[in-house]
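Remarks on the structure that follows.
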Amino acid sequence: MPQPLDLPPSDWPVLEPGWVWLCGAGPGDPGLLTLHALNALRQADVIVYDALLDKRILDWARPDVETIFAGKRGGKPSAIQRDISLHLVELAEAGKKVLRLKGGDPFVFGRGGEEAQTLIQHGVPFRIVPGITAGVGGLAYAGIPATHRDVNQSVAFVTGHDQTGEAPTAVNWEALAQGAQVIVVYMGMKHLDTIAARLIAGGRDPKDPVCIVASATNPDERILETELDRASADVAAADLSPPAVICIGRAVLMRQALDWQALARGEAPRNVDPLGRGQPAENR
Ligand code: SAH
């Protein structure tokens, strides 16, 4: 049992009866949980958790905790989202200390905002605990910085399907192709072929580097490097399955130098200067 909460107890917020804390749990690796989330785990009477959560995280909860699985897996219309939110209300109104634990960050494609709105409608007090989102932390485990001065001054986080389960019509992929130097797609595996085709139609280089990080930060993490015009075929050939984040853009090349998990295994970097810039920006 880890004991990282060595600050005086008065410095840690108390999860009061009748409150809901909406917490991010990070992308998987339990070590990526925040201290506020761990503090919440230790206090909660009841934990309502999602499908993508590493169950080892629940070992840090109180032994008498009640756990409720509120899993929804990608693509399905979420008719039950309202039920989950109302369940949180019921638990809080019953005087429980409620921890709503969500994968990644609760406010990044996590419906945390919707749940918080329902809590407000019912007068239930709540706290938001941010988490490490898969599109940043998952890429970092693959050795891909979400931003790098020699690559990008912007990064776009995009969902690969909308509430109908289709590639989102609200996203202007053709405009993104030109406007976003690095594109990070969540929930994009099912429609990767459509997404790639629309980006290429919008002028994106068909040979733009792509990296797919599946089950990022977890023991079954799998990483595939490919290019935009063959990404979908390569994913199928490699039999990669969700959850996965898809990074599109030259940031992917940095992995050739920064794949720290390979370096830790004793492998040499494939290319210390993948962008061909001679030396890092800070030395120029
Ligand atoms: N709130 C979450 C995102 C939830 S949407 C966050 O901030 O990370 C679910 C999508 O997140 C998945 O389809 C996938 O694209 C991504 N995702 C979540 N966990 C992941 C993981 N461990 N590895 C790769 N992608 C992950």
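Numbering of ligands and ligand atoms starts at 1, following listing order.
Ring geometry for Tyr141 against Trp260 counts as perpendicular: the plane angle is over 60°, on a 0 to 90° scale with 30° as the lower cut.
Which parts of ligand 1 touch Asn218 is read off a 4.0 Å heavy-atom cut-off, strictly below it: atoms 22 (N). Within ligand 1, counting atoms from 1 as listed, the ones closer than 4.0 Å to a heavy atom of Val108 are 1 (N), 2 (C), 3 (C), 6 (C), 7 (O). Of all atoms in ligand 1, numbered sequentially from 1 with element shown, those under 4.0 Å from a heavy atom of Phe109 are 3 (C), 4 (C), 5 (S). Below 4.0 Å from some heavy atom of Ala244 lie the following atoms of ligand 1, by number and element: 14 (C), 15 (O), 24 (C), 25 (N). Short contacts between ligand 1 and Val213, defined as distances under 4.0 Å to a heavy atom of the residue, involve ligand atoms 24 (C).
Close N/O approach between Thr217 and ligand 1 is not found [any backbone or side-chain N/O within under 3.5 Å]. At a 3.5 angstrom cut-off on N or O pairs, Pro27 counts as close to ligand 1. At least one N/O-N/O distance between Thr133 and ligand 1 falls below 3.5 Å. Considering backbone and side-chain atoms alike, Ala134 places an N or O below 3.5 Å from some N or O of ligand 1. In terms of polar-atom proximity, Ala216 is counted as a contact of ligand 1, with an N or O under 3.5 Å from an N or O of the ligand.
Contact annotation: Gly28 has no heavy atom less than 4.0 Å from any atom of ligand 1. Residue contacts with ligand 1 include Ser215, since one or more of its heavy atoms lies under 4.0 Å from the ligand. At least one heavy atom of Gly103 sits closer than 4.0 Å to an atom of ligand 1.
Arg250 and Asp150 are not joined by a salt bridge, as no carboxylate oxygen comes within less than 4.0 angstrom of a charged side-chain nitrogen. Under 4.0 Å is where a charged nitrogen must lie from a carboxylate oxygen, and between Arg127 and Glu16 no such pair does. Ion pairing of Arg56 with Asp54 is present here, as a side-chain N (NZ or NE/NH1/NH2) and a carboxylate O approach within less than 4.0 Å. Taking the charged nitrogens against the carboxylate oxygens, Glu115 and Lys102 do have a contact shorter than 4.0 Å, which makes a salt bridge.
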Quiz item: Can you check side-chain contact (heavy atoms from CB on, under 4.5 Å) on Thr133 and Tyr186, steps first, answer last?
Solution: CA-CA 10 Å; Thr133 189; Tyr186 290 67; 2.6 Å; yes
Quiz item: Going through the checks in order, is the ring-ring contact (aromatic ring centres under 6.0 Å, His included) test met by His36 and Trp12?
Solution: CA-CA 8 Å; His36 274 314; Trp12 292 99; 5.6 Å; yes
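Of the protein's non-hydrogen atoms, Tyr186 CD2, 3.5 Å is the one closest to atom 11 (O) of ligand 1.
Nearest heavy atoms, Leu52 versus Pro243: CD2-CG, 3.6 Å. For the pair Leu224 and Leu240, the tightest heavy-atom approach, listed with the atom from each and the gap, is CB-CD1, 3.7 Å.
Nearest to atom 13 (O) of ligand 1 by heavy-atom distance, out of Met187, Glu221, Met189, Arg111, is Met187.
Side-chain atoms of Asn172 come within 3.5 Å of backbone N or O of Ala175 as a donor-acceptor pair.
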